[in-house]
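The structure displayed is predicted, hence computed values, not measured ones. Order of appearance sets the numbers: ligands from 1, and atoms from 1 within every ligand.
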Amino acid sequence: TCAFAGQKKVLAAYEEAVKCGYSGARAGRLHTPHGVFDTPMFMPVGTQATVKAVSPRELKEMGAQIILSNTYHLYLRPGTELVAEAGGLHRFMDWDGGILTDSGGFQVFSLGPLRKITEEGAAFRSHIDGSTQFLSPEIAIKAQMNLGADIIMAFDECIPYPAEYQYAKLSTERTTRWAERSQKAHTRSGQALFAIVQGGMYQDLRRVSANDLVSLDFPGYGIGGLSVGEPKPVMYEMLEQTVPLLPENKPRYLMGVGTPDCLVEAVRYGIDMFDCVFPTRVARNGTAMTKSGRLVVKNAAYAKDFLPIDENCGCYACQNFSRAYIRHLLKADEIFGLRLTTIHNLYFLLDFTKKMRQAILEDRFLSFREEFLAQYCK
Ligand SMILES: CCCSCc1cc(N)cc2c(=O)[nH]c(N)nc12
Ligand SMILES: [Zn+2]
């Protein structure tokens, strides 16, 4: 077990990672106040304190361990003090597994009409009522302490893509100063604060960001500023530059990723944790994820297809319903249709990360990766 002695605020201890042959693929266990969880792991996104269309009981049944929520959204509505009064986010949404909250920076830049970024923080207009709002490292950390997640994120700027080198440099340096302010503002014991590596698509800035944040000694590290429209090879190159600089005995979380091909490549570089809205978002427009790629179950081709989405899938949708039935529900705008595609897509990614873990433990990850990519990318 990796020593976390002295990390008085940290409960996300990282058990000895089991390494697998090539590079950094590893299987680990993440300790939190709400349980010990297996990595690599996919974390379903529950932006507004619910993973859209599925219940906490269904999430537990499909093997979800940690789910995500967004400080930006909950800060604007219903307010993080209200959630604290309700007993915290776990109680509020009746979820007894792990919770990770994002710090709000990304959502400010991607959602609200941005007003201004200064050294102090980010001024923006609420996407809900247009009111003028402001987030800083101190406000974001206080909000996350109110929510009471097991893992919280430092306040950062997700650098847009593409970005000029000079802008990326100044922004990355500011994110490091914001990480230090986040650390000083974080006073809630039993809660782990992760820093977020930035640097745009510049190798040297990625290395500087990683080294500076590692020297501030966080219990875990998010890798941000990726999956923002860059080509996949560029994302992989940034991982290659960044991951080896992060401590082996601490969790690495690739933010906002993604599709199964990206997950298997990122695990190869040594990533442990993933989140992405993709599986739940595409489910809502009738697209199912399979090991051979996407299946648009809404298409006419499946009108009389009485097979399940995936005959080898153990999810509630595939065990009980046909493509024809799910297509019928989607065409009829029946909510149950979206629930079934969402259940399948979440199960698919949760099961995929479980299969990657097993492959690593059995020291056959590379052949698992080859076989998967051969089928998925065909
Ligand atoms: C619930 C959503 C969590 S991940 C959101 C996200 C996604 C992506 N792609 C990048 C970033 C980033 O750079 N910083 C932060 N805070 N968040 C990011
Ligand atoms: Zn299924």
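In this structure, the ring of His328 has its center no less than 6.0 angstrom from the ring center of Phe321. Not less than 6.0 angstrom separates the ring centroid of Phe352 from the ring centroid of Phe274. The aromatic ring centres of Phe306 and Tyr325 sit 6.0 Å or more apart.
Here the protein contributes Cys313 SG, Cys315 SG, Cys318 SG, His344 ND1 as N, O or S atoms under 2.8 Å from the Zn ion (ligand 2).
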Quick check for students: name every N or O atom pair between ligand 1 and the protein closer than 3.5 Å, with distances.
residue, atom, partner, partner atom, Å
ligand 1, 9 (N), Leu226, O, 2.8
ligand 1, 9 (N), Met255, O, 3.3
ligand 1, 13 (O), Gln198, NE2, 2.9
ligand 1, 13 (O), Gly225, N, 2.7
ligand 1, 14 (N), Asp156, OD2, 2.7
ligand 1, 16 (N), Asp102, OD1, 2.8
ligand 1, 16 (N), Asp102, OD2, 3.3
ligand 1, 16 (N), Asp156, OD1, 2.9
ligand 1, 17 (N), Asp102, OD2, 2.8

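Using modelled atom types and a 3.5 Å distance limit, the side chains of Ser171 and Glu157 yield a donor-acceptor pair.
Checked options Met273, Gln191, Gln144; the residue passing with Ile151 is Met273 (criterion: side chain to side chain contact (heavy atoms under 4.5 Å, CB included)).
At least one side-chain heavy atom of Ile360 sits less than 4.5 Å from a side-chain heavy atom of Pro40.
Shown here are the side chain to side chain contact (heavy atoms under 4.5 Å, CB included) partners of Lys169, two or more places apart in sequence or in another chain: Tyr165, Gln166, Glu173, Leu205. Legend: residues meeting salt bridge (charged side-chain N to carboxylate O under 4.0 Å, His left out) with Asp351, ordered by chain and number and at least two apart, are Lys355.
Scanning both residues, Arg252 and Tyr269, for their nearest heavy atoms gives NH1-O, 4.5 Å.
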